[in-house]
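Encoded as structure tokens, the structure appears first; notes follow it.
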Amino acid sequence: NDPDATMSTPTNTTSRKRKADANDDEASSGRKLKLSKPSASSSPAHLPASCLAAILNFMEYGEVRRCLLAGKTMAVDAASHVETLNIMNASELVTSAARRFANVTEINILSLITASEASGTGDTLSVGTAIRSVPFLISLPKLKRAYLGGLHWNIDDKKWSKLCYLDGATNGPMDHLSVFRGLVDQLCGAFLSRSLSPSLHLEGVFVQDQINCLKDGSEDGYRSHPDPNCRRCWNVITSFPLTSVLEKIPLRYDCGLCLNYSERIEALASRHDNPLRFQPQAVMKCFLGMTKDMFRIGTIHSGGDFVDVRKPFVERIKLQGGQTGRQHNGARSLFVLFEYIPVKHMQALKKFSIAIGPSVMSSILEHDLLSTVSLPSWLLVDNAIDDGKKRVFARQTCEGLVQLGFDLASKDLVLIDPLNEAALQNYHHLFRSEEEAS
């Protein structure tokens, strides 16, 4: 005999008692009680796949893949609900493994840049990440947002912050700029071939002077490399997502492109998505941003060198009600503020207005145009500026804006002709056309 068969345990005793009580109830009530059987639904509850995926969205990609080994629910159901991937190592950028994440809309590739642990040593660019990133991005069909960069610990804020590649802040490898430019070329190819969506919100690339194709100190984009026909900068403007392109086109130096204003406008007009026709509001904002970047503010002091011609000029402008300022230093010399756009920039602005068309140009108000120009902070700190005075404009600039359709009232401005003012001889070259200069 099996001793366990006759052994009574507390559990067995309790079960028998409950069954006996149920039989008594059944007999007394005259009806038959139906006992429920254990089912899968009565087993310990599991989180829905969507809830599991919401947790995985905040985990590193390596940890996510280890979690998927837990079973079918995680490997299939939860993976299909994951919307965000966080890549921490170049080795994780394997396209075959990414196919199970068919609904990913956002990816953070945080292995492109590794912050230096020691101060002054510079960051490191990952060659493996640069080579593998674009194929991995292409393997995610529903991708809407992507970040390529790294992370660094912010000591002041006590938190992690995103870190972008910068040529001047990176020390390794030796050819890191060439590697990064190769990444940019791959992205251009992916956008041009429609392998990546043109509406992709891309961060970490095409910020500040990453491409570093612009010679420092140049007035309007002169190429610093041997190749006189740079295609990379042209490809960036014609292929990268329109939102980021329109933000960077007006900036001469911050985006690091070697194309001058005219070339940027030509590249923008040649885009396949035809933004000049289908994105009027965004293009209008770009036009105002370019105008703001083109405007310059010149100062002519009544003292110092050439006082014999500068002092009478300053006094004449002051009598006409033009805006002047006075230095805070001991000399407290008076000076004139005048605003202008160099002739070659104005020519590019005219080309932009023609490409935009009269319907969009007519919607730009004179107030919006002139309000884009503000005095630089250094000028306000070191000097006292007279408020309520007429703005002083170069005649060529005023006439150029009038030709674009802006109704600038001359009664509200003091106009000067730099080419006919001896006090402004240092500015003469900015108001001569290329034919006149040659």
Side-chain angles (χ1 to χ4, degrees), residues 83-85 104-109 112 133-134 136-138 140-149 162-166 180-181 183-214 221 232-259 261 263-294 348-349 352-353 355-357 359-361 363-364 368 372:
E83 296 179 346
T84 304
L85 296 180
V104 166
T105 59
E106 180 176 357
I107 184 171
N108 297 302
I109 298 180
L112 182 63
S133 291
V134 174
F136 195 84
L137 296 178
I138 294 174
L140 304 172
K142 296 185 179 181
L143 190 63
K144 296 180 180 179
R145 301 176 63 90
Y147 172 80
L148 283 77
K162 288 183 176 180
L163 178 67
C164 296
Y165 166 80
L166 289 176
F180 183 81
R181 287 175 174 173
L183 171 61
V184 172
D185 290 340
Q186 289 187 64
L187 287 169
C188 288
F191 285 124
L192 288 172
S193 65
R194 313 292 195 275
S195 299
L196 286 178
S197 170
S199 61
L200 175 67
H201 184 81
L202 180 64
E203 296 182 3
V205 180
F206 198 26
V207 298
Q208 297 187 18
D209 59 346
Q210 287 180 321
I211 302 177
N212 200 19
C213 206
L214 183 64
R232 180 179 297 108
C233 296
W234 179 278
N235 289 339
V236 167
I237 292 181
T238 56
S239 67
F240 266 50
L242 182 62
T243 303
S244 60
V245 168
L246 291 177
E247 290 176 354
K248 299 299 189 300
I249 280 183
L251 306 177
R252 286 179 300 154
Y253 304 122
D254 289 351
C255 62
L257 299 178
C258 68
L259 303 181
Y261 284 127
E263 292 169 330
R264 296 180 191 192
I265 295 167
E266 291 173 7
L268 181 64
S270 68
R271 287 179 62 100
H272 66 87
D273 49 4
N274 198 358
L276 301 181
R277 178 180 178 183
F278 297 111
Q279 301 284 342
Q281 294 299 319
V283 172
M284 184 174 68
K285 184 178 179 181
C286 180
F287 179 90
L288 291 173
M290 180 175 289
T291 305
K292 177 181 179 180
D293 198 65
M294 288 179 173
L349 205 60
F352 201 179
S353 68
I356 292 175
S359 60
V360 177
M361 288 298 300
S363 64
I364 303 177
D368 294 335
T372 61

### For Asn235, side chain to side chain donor-acceptor pair (under 3.5 Å) partners two or more places apart
none
### Message
I need the Leu259 CG to Arg264 CZ distance, nearest 0.5 Å.
### Response
6.5 Å
### Message
As an exercise, state the distance from CD1 of Ile107 to NZ of Lys144, rounded to the nearest 0.5 Å.
### Response
15.5 Å
### Query
Looking only at heavy atoms, what is the nearest atom pair of Gly204 and Cys164, with distance?
CA-SG, 3.8 Å
### For the student: nearest non-hydrogen atoms of Gln186 and Val134, plus distance
CB-CG2, 3.6 Å
#### Entry: side-chain contact (heavy atoms from CB on, under 4.5 Å) partners for Ala282, two or more places apart
Leu246, Gln279
### Query
Between Met284 and Ile356, is any pair of side-chain heavy atoms under 4.5 Å apart?
no
### Task
Applying side-chain contact (heavy atoms from CB on, under 4.5 Å), name anything that partners Ala267, two or more places apart in sequence or on another chain.
Trp234, Ile237, Thr238
### Query
What orientation do Phe180 and Tyr165 show, parallel under 30°, tilted 30 to 60°, or perpendicular over 60°?
parallel
### Query
Are the side chains of Met290 and Ile265 in touch, meaning some heavy atoms are under 4.5 Å apart?
yes
### Message
Rounded at 0.5 Å granularity, tell me how far OG1 in Thr105 sits from CG in Leu143.
### Response
7.5 Å
### Message
What's the separation between atom CG in Asp368 and atom OG1 in Thr291, rounded to the nearest 0.5 Å?
### Response
11.0 Å
### Task
For Ser197, check side chain to side chain donor-acceptor pair (under 3.5 Å) against everything at least two apart and list the hits.
Ser199
### Task
List in chain and number order the residues that pass salt bridge (Lys or Arg N to Asp or Glu O under 4.0 Å) with Glu266, two or more places apart in sequence or in another chain; answer none if no residue qualifies.
Lys351
### Query
How far does CG of Leu242 sit from CD1 of Ile249, to the nearest 0.5 angstrom?
8.0 Å
### Query
Under 4.5 Å between any side-chain heavy atoms of Leu288 and Lys285, yes or no?
no
### Message
In the structure I gave you, are the side-chain heavy atoms of Leu268 and Phe352 within less than 4.5 Å of one another anywhere?
### Response
yes
### Query
Where do Pro250 and Cys286 come nearest, in terms of heavy atoms and distance?
CG-O, 3.7 Å
### Query
With Asp273, which residues qualify under salt bridge (Lys or Arg N to Asp or Glu O under 4.0 Å), at least two apart?
Arg271
## Note on the structure
Residues at least two apart in sequence or cross-chain that pass side chain to side chain donor-acceptor pair (under 3.5 Å) with Ser193, listed by chain then number, are Ser195
#### Entry: Partner residues of Phe240 under the ring-ring contact (aromatic ring centres under 6.0 Å, His included) criterion, sequence neighbours left out
Phe191, Phe206
### Query
Is there a side-chain contact between Leu148 and Leu202, using heavy atoms and a 4.5 Å cut-off?
yes
### Query
Which atom names give the shortest non-hydrogen contact between Cys258 and Cys233, and what distance separates them?
N-SG, 3.5 Å
### Query
His201: what forms a side-chain contact (heavy atoms from CB on, under 4.5 Å) with it, not counting sequence neighbours?
Arg145, Glu203
### Message
To the nearest 0.5 Å, what is the distance between CD1 on Ile109 and OH on Tyr147?
### Response
11.0 Å
#### Entry: With sequence neighbours excluded, residues passing side chain to side chain donor-acceptor pair (under 3.5 Å) with Lys142
Asn103
